[in-house]
Amino acid sequence: VLRGSPSEPARDALLAVAQLSAEPMSKEAGDALDALDALAAIRDPAAAAKLLRLLGHRDPLRRARAVAALGTLLAVAPTAGLVDALSGVIAQEGDPRVVAEAAWGLGELSATRAAALAPRAAAALRQGLSRRGDSPAEAAVRANALAALARLGNAELVDAFWLTDPSPAVRANATWLVGALQSRSPGMGARLRNLGAVDPDHHVRQSAAAALAGRHPAPLAVRTHWLGMYQVDYDHRPLANARYRLVLPDGLVRVGVTDHRGIARQELLPEGDCELETVPEGEGGR
């Protein structure tokens, strides 16, 4: 109800619930996650200090949702402190699920409104790309970092390396980044055309075609929509801690994880239809 409209009573009540002590899989823990999602929707800069304290919470899902809420604050009140906090998560957090959230959150920074902060955010994202691992969780870090760099318009020639990543989300987002290169060589254009023709994932093919056509990720000014997801299996049981790919209307791919109730939410989406896919457990990264 209060999405985008800060309210002191609501902020205080939600922060109180978000900080409750609770076992990770309990109802109270679910209430805390819902409160953090609400804080992400309201985007109240005055909540930043207490959200930052939750980055040290013992529950990684609570940390991840706090990171997501801090990311939405970057969209309305970007500060060096917020960028540094999310950068610190990328550098120091042990759980790649939380790191992936921090990478996506840095992409909520508007490179036009906060140009001085964009290089700092890009440096942290490139540090995230230096992580190595064969797990889907590490592939999620790379996918979200590439998406954030594409939003920031921070493209380098070395980003073509990710066009061959085993993860389709990584390849799809890499096409957007490579497409943003100011001096794209004929060879790079040929690689994008090849991906658009033969890549086994249709989202990668679509992204390559869009990048070749000169399209760009949706700017912050038009990302005013949101999505709530409740993911269940064929027997209608919640898909707990399930990794998913959310293909945004502009073509970027966001990789996230549901909570223990199968719930996930996403703020600051452009207008249009999204596509949701679960990530097979056996799908690894580089």
Side-chain angles (χ1 to χ4, degrees), residues 71 74-75 78 103-126 128-129 139-140 142-225 227 245-255 266-277:
L74 275 181
W104 185 266
L106 284 172
E108 306 293 13
L109 180 72
S110 171
T112 55
R113 288 179 51 194
L117 297 176
R120 191 180 306 198
L125 291 164
R126 294 203 171 276
L129 286 176
R142 295 194 289 273
N144 287 356
L146 288 166
L149 287 167
R151 281 181 166 174
L152 294 174
N154 186 284
E156 298 180 1
L157 285 173
V158 295
D159 297 324
F161 173 78
W162 305 110
L163 295 175
T164 60
D165 194 273
S167 166
V170 173
R171 297 197 305 276
N173 289 339
T175 63
W176 288 101
L177 197 52
V178 170
L181 286 169
Q182 295 297 318
S183 55
R184 195 169 67 213
S185 67
M188 197 72 76
R191 291 187 67 178
L192 288 175
R193 285 192 293 275
N194 185 61
L195 279 175
V198 304
D199 194 277
D201 186 89
H202 72 285
H203 293 306
V204 178
R205 297 195 299 271
Q206 291 171 354
S207 295
L212 280 168
R215 287 177 51 193
H216 301 284
L220 178 62
V222 301
R223 300 204 309 267
T224 58
H225 298 264
L227 178 69
R245 285 188 291 257
L246 183 67
V247 184
L248 276 55
D250 61 1
L252 284 182
V253 182
R254 188 256 203 274
V255 184
Q266 183 61 48
E267 298 291 327
L268 299 173
L269 294 172
E271 183 177 7
D273 294 333
C274 294
E275 292 186 47
L276 179 67
E277 301 174 339

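Numbers here simply count residues along the sequence, with the first being 1. From a predicted model like this one, the values you see are computed outputs, not experimental measurements.
Rounded to the nearest 0.5 angstrom, Leu163 CG and Leu192 CG are separated by 6.0 Å. Once rounded to the nearest 0.5 Å, the distance linking CG of Asp250 with CH2 of Trp176 reads 6.0 Å.
Salt bridge annotation for Asp199-Arg171: present, with a cationic side-chain nitrogen under 4.0 angstrom from a carboxylate oxygen. A salt bridge links Glu108 with Arg223; the closest basic N to acidic carboxylate O contact falls under 4.0 Å. Look at Asp201 and Arg245 and you find no salt bridge, because none of the NZ, NE, NH1 or NH2 atoms lies under 4.0 Å from a carboxylate O.
The minimum heavy-atom distance between Ala211 and Gly179, with the atom names listed, is CB-CA, 4.0 Å. Across Leu74 and Gly105, no two heavy atoms sit closer than the pair CD1-O, 3.6 Å. Counting all heavy atoms, side chain and backbone alike, Asp159 lies closest to Ala174 at O-CB, 4.3 Å. When all heavy atoms of Ala148 and Leu106 are compared, the pair lying nearest together is CB-C, 4.4 Å. Contact detail for Ser207 and Ala172: the closest heavy-atom pair is CB-O, 3.7 Å.
For the pair Glu156 and Phe161, the minimum side-chain heavy-atom distance is 4.5 Å or more. The side-chain heavy atoms of Leu227 and Leu246, taken from C-beta on, include a pair separated by under 4.5 Å. Side-chain contact between Cys274 and Leu269 is present, with at least one heavy-atom pair separated by less than 4.5 Å.
No donor-acceptor pair closer than 3.5 Å links the side chain of Asp273 to the backbone N or O of Pro249. A side-chain donor-acceptor contact under 3.5 Å links Arg113 to the backbone of Ala75.
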| field | Glu277 and His203: CA distance, side-chain angles, deciding distance, side chain to side chain donor-acceptor pair (under 3.5 Å) verdict | value | CA-CA 11 Å; Glu277 301 174 339; His203 293 306; 3.1 Å; yes
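Within 6.0 Å of atom CD in Glu271, 12 or fewer heavy atoms from other residues, nucleotides or ligands are found, so the atom counts as exposed in its surroundings. Crowding of His225 atom NE2: a count of heavy atoms from other residues, nucleotides or ligands under 6.0 Å exceeding 12.
For the residue pair Arg126 and Asn154, a side-chain donor N or O sits within less than 3.5 Å of a side-chain acceptor on the partner.
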